[in-house]
Amino acid sequence: MSYDFKTVEKKWQDIWDKTGCFAAQNDSDKEKYYALVEFPYPSGQGLHVGHPRSYTALDIIARKKRLCGYNVLYPMGWDAFGLTTENFAIKNHIHPETVTKNNIQNFKRQLKSLGFSFDWSREINTTDPQYYKWTQWIFLQLYKKGLAYKKEMAVNWCTSCKCVLANEEVVGGVCERCGSEVVRKVKSQWMLKITDYADRLLSDLDGLDFIDRVKTQQTNWIGKSEGAQVTFKTTAGDELLIYTTRPDTLFGATYMVIAPEHPLIDKWELENKDEVIAYREAAARKSDFERTEVAKDKTGVELKGVKAINPVNNTEIPIFVSDYVLISYGTGAIMAVPAHDTRDYEFAEKYNLPKIEVVAGGDIEKEAFTDCATGVMVNSGFLTGMTVEEAKKAIIDYLVKEGIGERKTNYKLRDWVFSRQRYWGEPIPMVYCEKCGWAPLPERELPLKLPYTDNFEPTDTGESPLSKLTDWVNTTCPHCGAPAKRETDTMPQWAGSSWYFLRYCDPHNDKQLASQEALKYWLPVDWYNGGMEHTTLHLLYSRFWHKVLYDCGVVPTPEPYQKRTSHGMILGENGEKMSKSRGNVVNPDDIVDEFGADTMRLYEMFIGDFEKAAPWQSSSIKGCKRFLDRVEGLMYILKDGESYSAQLEKSFNKTVKKVGEDIENLKMNTAIAALMALINEIYQVGGINKAELKTYLLLLNPFAPHLTEELWERAGFGGYLHESSFPTFDPDKCGDDTVEIVVQLCGKIKARAKVSAEASKDELLQIAKNLISDDLAGKTVIKEIVVPGKLVNIVAK
RNA sequence: GCGGGCGUGGCGGAAUGGCAGACGCGCUAGUCUUAGGAACUAGUGGCAACACCGUGCAGGUUCAAAUCCUGUCGCCCGCACCA
């Protein structure tokens with residue numbers, strides 16, 4: 001018995017399209033619910049089976065919330081700028097605009113075939129000038145607030161994409177996108193000062209309902225550390241500033257290390273200048289990857305002719321240059337305490353430098369003693385005898401009093417490199433004038449449209465392809481009117497996605513990025529689901545932009561998303577990541593064609609724990625199809641009935657409770673299992689009445705919307721199912737009258753008994769004792785444990 | 001190295017201190033069928049066993065442990081010389 005899913009699904013998708021029934025209302029009195037999934041990058045490969053996992057889960061949430069009376073916004077759009085499209089365009093000699101248009105068309109067809117209840121009237125596209133007008137506008141606000149600045153700096157350069165990458169886009173020393181080598185290159189780049197927001201991005205996590213691993217990852221990425229900044233005098237007469245989280249170990253500092261890029265190297269008269277410069281150049285030639293590759297073996301050169309003076313004991317100590325110290329963190333210089341830092345220890349061993357134990361408790365002949373919790377200070381002047389924590393406080397007080405140091409907080413987070421030397425991105429609305437310097441484009445000139453060209457390939461020189469379009473580049477200065485040149489770099493892919501959820505609130509507004517009323521009504525996003533891979537990229541960037549917009553008074557909430565969850569990856573049948581090269585890719589179109597959208601949706605939810613990775617199993621899909629066939633089969637055993645039958649009343653109440661709760665907790669797999677168990681019971685009983693079918697269809701509807709609407713209509717329930725309401729349950733009718741309890745003797749199961757659910761502890765105990773009286777004979781009862789509804793355990797000797 | 005997570009039947013997975021294996025796949029038998037890689041019914045952790053054994057391994061706490069604690073092995077993810 002198999003129903004005609006193709007006809008049924010087409011019919012309902014057409015009805016939903018025609019009636020626009022899933023469009024959210026901006027002027028509603030109803031309570032709002034904003035459910036959001038990450039909008040896709042419309043690649044040429046089409047939809048991946050990973051996409052529907054997220055989309056189906058939140059579609060279930062959205063559909064359930066609508067049935068519960070909410071005004072639901074569940075939108076969809078296209079994150080369409082970016083390198084993948086551009087690289088495809090170059091390879092196939094098609095303009096990226098055409099590629100994007102085709103890919104979107106295909107994605108949209110695929111999404112529609114799965115029956116998602118997206119509000120298509122709010123569809124957005126980041127490459128639409130009416131959209132990126134506001135991306136550019138936000139950039140101008142960042143610039144006005146001093147949060148966008150241009151800086152000559154060493155950046156990550158992908159040798160294949162011929163383009164700068166953000167720190168977050170470099171994974172394991174290679175390009176996140178193409179896997180090619182990333183080298184350091186000095187370029188002038190637009191930077192966004194996300195570091196100004198580091199503390200707020202960290203502390204505001206507290207009030208948010210994000211899953212722990214997202215919070216942990218963002219916290220680690222921001223990398224807050226507290227310590228002290230200390231000034232060391234040098235024999236050259238000037239000062240060396242260092243950062244340390246262990247100021248308590250200052251008496252143990254036996255040498256200093258500065259990063260190869262440290263500016264003092266150029267300033268100082270060094271006896272071995274050639275050697276030092278050679279070391280620096282060797283370090284510069286290394287890519288980040290090589291530099292971390294050799295992390296095990298530390299190298300360095302002593303700076304001859306200059307020494308640092310330890311301010312607490314006036315000892316002269318040598319200064320080294322080494323690439324294990326990073327110019328980009330802290331002050332680019334450290335005091336080395338080999339006795340209490342493993343890296344310094346390793347370096348000191350190699351270069352035969354002295355170690356002074358200042359915290360007792362370890363054996364510094366063997367290894368560095370880094371424990372802060374147990375040690376006591378020794379060899380440390382006025383700190384001797386204190387605990388590490390006491391010493392930290394005392395030394396900072398001392399440094400402040402002497403004017404040679406202060407308390408200091410540092411972050412691992414770096415500013416966001418915002419320029420890309422590529423064509424397919426938003427033009428940065430800035431103009432460079434010889435006289436005035438960088439000038440922002442007036443807001444009325446937005447959008448600054450991306451000029452159309454067929455010559456969009458990246459250049460070997462590292463210049464943006466836009467620089468070849470001299471007609472476009474040459475302009476006049478917005479300040480003085482003199483001839484000037486446009487910025488030719490474009491924005492990174494992360495720009496358009498950093499605020500897209502705002503545009504959904506009011507997508508056709510041509511005066512503002514969205515109206516205040518709309519933003520006030522819809523924000524924050526109530527539930528946002530997306531991939532873990534975006535935790536330190538998109539998710540962090542968009543929180544940053546949102547906070548800036550909040551400070552500008554553009555958005556009414558300090559945080560964009562109230563709740564964040566993340567789905568596990570769907571792996572190939574062989575348990576490996578799905579990829580073309582592994583040949584284990586499943587195309588959603590094939591599944592929809594063979595089994596239908598409802599089965600596909602159900603299977604994606606039934607595959608396992610939503611948060612965990614799960615391998616695709618073609619053989620299991622038919623289980624979901626069989627289940628839906630059995631649901632359709634209910635029509636043939638349907639009886640009249642205004643209320644639940646006595647036989648099924650408890651089961652229905654229990655299942656309503658469970659399915660409702662499971663949906664809210666994203667436990668779609670067990671919700672489906674409960675519906676399967678219930679239908680098994682219905683077939684056991686041999687029939688279902690109309691009241692029961694109604695409830696059953698409503699519970700299943702968020703998962704399998706097409707079939708349930710169809711059966712609703714066939715059963716003659718009137719109107720559309722999606723206009724009805726989610727069933728409620730009677731808490732008193734969720735428990736069974738009789739329950740089976742287990743009788744244990746010393747924790748071993750000896751008997752089982754069906755008892756009344758209402759039975760008291762004493763009654764249960766008596767029943768249990770009777771049941772195992774033979775075993776108890778001649779023994780002394782030591783302890784009796786009774787857990788009503790579960791078990792009785794008697795401990796006897 | 002640091003941080004996060006995981007380890008349960010032939011397979012995907014349930015169970016978060018209280019009956020291990022819900023639900024599904026697969027498998028076995030049966031029914032119907034010209035046929036079955038369809039559907040339906042029953043069974044299905046191991047074992048000859050109602051005893052006993054069983055949640056990576058070794059200990060521990062508890063009347064009771066897949067679940068909590070300690071150690072250990074293996075796998076996955078993130079960060080990676082952040083001073």
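Every chain is numbered from 1 and lettered A, B, ... according to where its sequence line falls, protein lines coming before strand lines. All values derive from a computational prediction rather than experimental measurement.
When rounded to the nearest whole Å, the span between CG of A/L413 and P of B/G78 equals 19 Å. The interatomic distance linking A/W221 (CH2) with B/C77 (P) rounds to 17 Å, in whole Å. Distance CE (A/M532) to P (B/C79): 10 Å, rounded to an integer number of Å. The nearest whole Å value for the distance from the NZ atom in A/K215 to the P atom in B/G5 is 14 Å. The separation between A/D344 atom CG and B/C81 atom P is 15 Å, rounded to whole Å. Atoms NZ (A/K412) and P (B/G3) sit 11 Å apart, rounded to a whole Å. Separating the CD atom of A/E573 from the C1' atom of B/C11 is a distance of 11 Å, rounded to the nearest angstrom. In this structure, the NZ atom of A/K612 is 10 Å from the P atom of B/U8, given to the nearest Å.
A distance of about 14 Å separates the C1' atoms of B/C53 and B/G9, rounded to the whole Å. B/G54 and B/A39 have their P atoms separated by 39 Å, given to the nearest Å. One P atom belongs to B/A15, the other to B/C68, and the distance between them is 14 Å to the nearest Å. Comparing B/A64 with B/G17, their C1' atoms are spaced 8 Å from each other, to the whole Å. Nucleotides B/A14 and B/U61 are separated by 26 Å at their C1' atoms, to the nearest Å. As rounded to the nearest Å, B/C27 and B/G18 have P atoms that lie 35 Å from one another. For the C1' atoms, the distance linking B/A65 with B/U16 amounts to 11 Å, nearest Å. Taking atom C1' on both nucleotides, B/U41 is separated from B/C57 by 43 Å, rounded to a whole Å.
Surrounding CE of A/M532 are more than 12 heavy atoms belonging to other residues, nucleotides or ligands, all under 6.0 Å away. Within a 6.0 Å sphere centred on NZ of A/K790, heavy atoms belonging to other residues, nucleotides or ligands number 12 at most. Heavy atoms of other residues, nucleotides or ligands lying less than 6.0 angstrom from NZ of A/K657 number 12 at most.
Among the heavy atoms of the strands lying under 4.0 Å from A/I607 are primed sugar atoms or P, OP1, OP2 only; no base atom is included. Among the atoms of the strands shown, only primed sugar atoms or phosphate atoms (P, OP1, OP2) are found under 4.0 Å from some heavy atom of A/D609. Nucleic acid contact class of A/K408 (heavy atoms, under 4.0 Å, all strands): none. When heavy atoms are screened at a 4.0 angstrom cut-off, A/N793 is found touching base atoms of the nucleic acid. Heavy atoms of A/Q229 sit nowhere under 4.0 angstrom from any nucleic acid atom. Note on A/V787: a base of the nucleic acid sits closer than 4.0 angstrom, heavy atoms only.
Under the Watson-Crick or G-U wobble criterion, with both distances below 3.5 Å, B/C11 is paired with B/G24. Pairing of B/G71, defined by two Watson-Crick or G-U wobble distances under 3.5 Å, is identified with B/C57. Nucleotide B/U31 is matched to B/A39 when pairs are restricted to Watson-Crick or G-U wobble geometry with both distances under 3.5 angstrom. Remark: B/C79 base-pairs with B/G1; criterion is Watson-Crick or G-U wobble with both hydrogen-bond distances under 3.5 Å.
Nearest heavy atom pair, residue A/T195 against residue A/R414, reads CG2-C, 3.6 Å.
Distances shorter than 4.0 Å separate none of the side-chain N or O atoms of A/Y324 from OP1 or OP2 on B/A83. At least one side-chain nitrogen or oxygen of A/S225 sits closer than 4.0 Å to the OP1 or OP2 atom of B/A83. Considering only side-chain N and O atoms, A/K667 lies under 4.0 angstrom from the phosphate OP1 or OP2 of B/A15.
Listed nucleotides: B/G13, B/G18, B/G4. Nearest to the side chain of A/A614: B/G13. Distances were taken from every side-chain heavy atom of A/D323 (C-beta onward) to each of B/C81, B/A42, B/C63; the shortest belongs to B/C81.
Relative to the six-membered ring of A/F5, A/K625 misses at least one condition, a distance below 6.0 Å or an angle of at most 45° to the axis. Cation-pi check for A/R601 over A/F703 is not met; the charged atom does not lie both under 6.0 angstrom from the ring centroid and within 45 degrees of its normal.
Heavy-atom nearest nucleotides on RNA chain B were determined for A/G608 and for A/Q217, and the one closer to the 5' end corresponds to A/G608. Both A/Y603 and A/M569 lie close to RNA chain B; mapped to their nearest nucleotides by heavy-atom distance, the more 5′-ward contact belongs to A/Y603.
Ring to ring, A/Y255 and A/F347 are close: their centroids are under 6.0 angstrom apart.
Using a 90° window around 0 for the glycosidic torsion, B/G9 falls inside it and is classed as syn.
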Report summary line: Given protein heavy atoms under 4.0 Å, the one-letter contact record of nucleotides 19-35 of chain B, with B base, S sugar-phosphate only and - none, is simply BS-BBSSS---------
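Aromatic ring pairs are classed by plane angle as parallel below 30°, tilted from 30° to 60° and perpendicular above 60°; the pair A/F610 and A/H567 is tilted. Taking the six-membered ring for Trp and thresholds of 30 and 60 degrees, A/W416 and A/Y541 have nearly parallel ring planes, at less than 30 degrees apart.
Of the N and O atoms on the side chains of A/E681 and A/S651, at least one donor lies less than 3.5 Å from an acceptor on the other residue.
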